[in-house]
Amino acid sequence: RAKQLGGNGHQFFQQEMHDQAMQRLAMETALRKAIQNNGLHLHYQPQVDALSGRIVGLEALARWRDPDYGDVSPADFIPLAEQTGLIVPLGSWVLTEACQQARRWHDRTDSDFYISVNLSVGQFADEGLVDNIHATLEATGVRPEQLVLEITESLVMSEPEYHIHILETIRNLGIRLALDDFGTGYSSLSYLRNLPIDILKLDRQFLSNLAHNSEDAAIARATITMAADIGLKVVAEGVETADQLRWLLSQDCHLVQGYFFSRPLSDEQISELIQLPPAELSGRWPKY
Ligand code: C2E
Ligand code: MG
Ligand code: MG
Ligand code: MG
């Protein structure tokens, strides 16, 4: 009897695996279509200098609203894109769209924020990556210093020499590089010295434990100080509360991104924000 049950269990397991594979395949097909047929769009989240209230940068974040699946979270479709190779056309679409939008905004306002675009490890497998970035800047008329590319620690943990070489090539174009989600991976601060990066983005996990854990606070404090010492700009991600912001300011970290100032917004909402005179924009932010 036990044997029989085991047999059924096995069959059931296979059926389950098969269903999951079919669902994944259907979703992959839908995502491929979305990339081809303009079914993705971007939201933009401000990075704010809390001292002046100015928007220093806008991070482009991919959004997918599918006719069948509804809103799919990037936490689901970005990994799917990475696993299926779709990240290459997806990433290329994001870069072009973000640069076109940046160019329109820069033409309409005299603000000089950068646009920040996420790059996945899988995009580095594409030999055309650097040429594509260069061509996109040329085609859209965005200047290299107006673009920041966000990479993660995983990129430089795997095949560091190969990846660092490409990063240096990108940086030689005048584009700045940000290390995203810092504090979630394994790279040490001393390793940062060897990376061709300009900006360190502290992961939001960093902030979440501050109030409860003095060790975490000590690590956060040391990280901010050392990053500044080796010449990196530090952007704190996931700032949600006035308390967190005040703590960051007490550590001389004043570049922040998070729901406290703004959620990621549509291009229309951003257009409205960036045409405000500085005093009026400051007036829009919550007080702390
Ligand atoms: P990320 O690059 O670290 O982007 C920041 C994420 O944190 C965004 O999630 C943003 O909405 C969220 N966030 C911002 N402020 C707060 C806050 O105060 N509290 C909380 N709880 N969350 C906050 P989102 O848009 O869901 O994107 C998730 C991740 O998906 C991104 O993390 C990035 O790794 C990836 N991603 C999104 N768009 C792209 C893209 O165009 N290309 C690539 N390669 N990855 C992307
Ligand atoms: Mg990012
Ligand atoms: Mg991040
Ligand atoms: Mg993050």
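In listed order, ligands and their atoms are each counted from 1. Computed over heavy atoms, backbone and side chain alike; hydrogens, waters and symmetry mates excluded.
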**Message:** So for Ala75, does at least one of its heavy atoms come nearer than 4.0 angstrom to any atom of ligand 1?
**Reply:** no

**Message:** Would you compute the distance between atom NE2 of His106 and atom CD1 of Ile115 and round it to the nearest 0.5 angstrom?
**Reply:** 7.0 Å

**Prompt:** When you check the gap from the basic side-chain N to the acidic O, do Asp112 and Arg54 get nearer than 4.0 Å?
**Reply:** yes

**Prompt:** Applying a 4.0 Å heavy-atom criterion (strictly less than), which segment of Glu237 is in contact with ligand 1: side chain, backbone, both, or neither?
**Reply:** side chain

**Message:** With nothing but distance in play, are any N or O atoms of Val94 less than 3.5 Å from an N or O of ligand 1?
**Reply:** no

**Fill in**
ligand 1 to Ser120, heavy atom cutoff 4.0 Å, flagged ligand atoms 44 (N)

**Message:** Within this structure, what is the CZ-CD distance for the pair Arg204 and Gln257, rounded to the nearest 0.5 Å?
**Reply:** 11.0 Å

**Item:** Check: Asp203 side chain, Gln205 main-chain N or O, donor-acceptor pair, under 3.5 Å
**Value:** yes

**Fill in**
In terms of its nearest heavy atom to atom 31 (C) of ligand 1, the top option of Val121, Leu61, Ile87 is Leu61

**Fill in**
Checking heavy atoms under 4.0 Å, the part of Ala62 that sits near ligand 1 is both

**Prompt:** Which residues and atoms, protein N, O or S only, are under 2.8 Å from the Mg ion (ligand 2)?
**Reply:** Glu59 OE2, Asn118 OD1, Glu150 OE1, Asp180 OD2

**Distance filter under 4.0 Å to Gly238 heavy atoms, resulting ligand 1 atoms** = 16 (C), 17 (C), 18 (O)

**Complete:** The ring-ring contact (aromatic ring centres under 6.0 Å, His included) partners of Trp105 (sequence neighbours excluded) come to Tyr44

**Asked** With a 4.0 Å cut-off, would you call Asp198 and Arg171 a salt bridge?
**Response** yes

**Complete:** When every non-hydrogen atom of Leu207 is compared with those of Glu237, the smallest separation belongs to CD1-O, 3.7 Å

**Asked** Does the side chain of Ile78 come within less than 4.5 Å of Leu90's, by heavy atoms?
**Response** yes

**Message:** Set out, in order, the CA-CA distance, both residues' side-chain angles and the distance that settles salt bridge (Lys or Arg N to Asp or Glu O under 4.0 Å) for Glu280 and Arg284, then state yes or no.
**Reply:** CA-CA 7 Å; Glu280 215 174 307; Arg284 290 272 187 110; 5.0 Å; no

**Message:** Within the 4.0 Å heavy-atom shell around Pro74, which atoms of ligand 1 are there?
**Reply:** 24 (P), 25 (O), 26 (O), 27 (O), 30 (O), 37 (C)

**Request:** Answer side chain, backbone, both or neither: which part of Gln45 comes under 4.0 Å from ligand 1, heavy atoms only.
**Result:** side chain

**Message:** For atom 23 (C) of ligand 1, which of the options Trp93, Phe261, Tyr259, Phe77 provides the nearest non-hydrogen atom?
**Reply:** Tyr259

**Prompt:** For Asn132, does its backbone N or O pair with a side-chain atom of Thr136 as donor and acceptor, under 3.5 Å?
**Reply:** yes

**Request:** May I ask you to identify, for Glu59, whether its side chain, its backbone, both or neither come under 4.0 Å of ligand 1 on a heavy-atom basis?
**Result:** side chain

**Asked** Just heavy atoms, cut-off under 4.0 Å: does Arg63 contact ligand 1 by side chain, backbone, both, or neither?
**Response** side chain

**Request:** Output yes when Glu28 and Arg32 qualify as a salt bridge under the 4.0 Å nitrogen-oxygen rule, no when they do not.
**Result:** yes

**Asked** Hey, which atoms in ligand 1 end up nearer than 4.0 Å to a heavy atom of Asp180?
**Response** 1 (P), 2 (O), 3 (O)

**Proximity to ligand 1 by part of Arg204, non-hydrogen separation under 4.0 Å** = side chain

**Asked** Taking atom CG of Asn172 and atom CG of Leu167, what is their separation to the nearest 0.5 Å?
**Response** 11.0 Å

**N/O donor-acceptor pair under 3.5 Å between Gln244 side chain and Glu240 backbone** = yes

**Request:** Please work out which of Ile78, Asn118, Asp181 has its closest non-hydrogen atom nearest to atom 33 (C) of ligand 1.
**Result:** Asn118

**Item:** Contact with ligand 1 for Pro264, non-hydrogen, under 4.0 angstrom
**Value:** yes

**Message:** I'd like to know if the side chain of Gln45 and the backbone of Ser262 have a donor-acceptor N/O pair within less than 3.5 Å.
**Reply:** yes

**Fill in**
Counting from 1 in the order shown, the ligand 1 atoms closer than 4.0 Å to a non-hydrogen atom of Glu240 are 17 (C), 18 (O), 19 (N), 20 (C), 21 (N)

**Complete:** Under 4.0 Å between heavy atoms, the region of Thr152 that gets near ligand 1 turns out to be neither

**Message:** Using the rule given for salt bridge (Lys or Arg N to Asp or Glu O under 4.0 Å), can you reason through Asp243 versus Arg246, listing the C-alpha separation, both sets of side-chain angles and the distance that settles it, and then say yes or no?
**Reply:** CA-CA 5 Å; Asp243 276 346; Arg246 283 192 295 259; 2.6 Å; yes

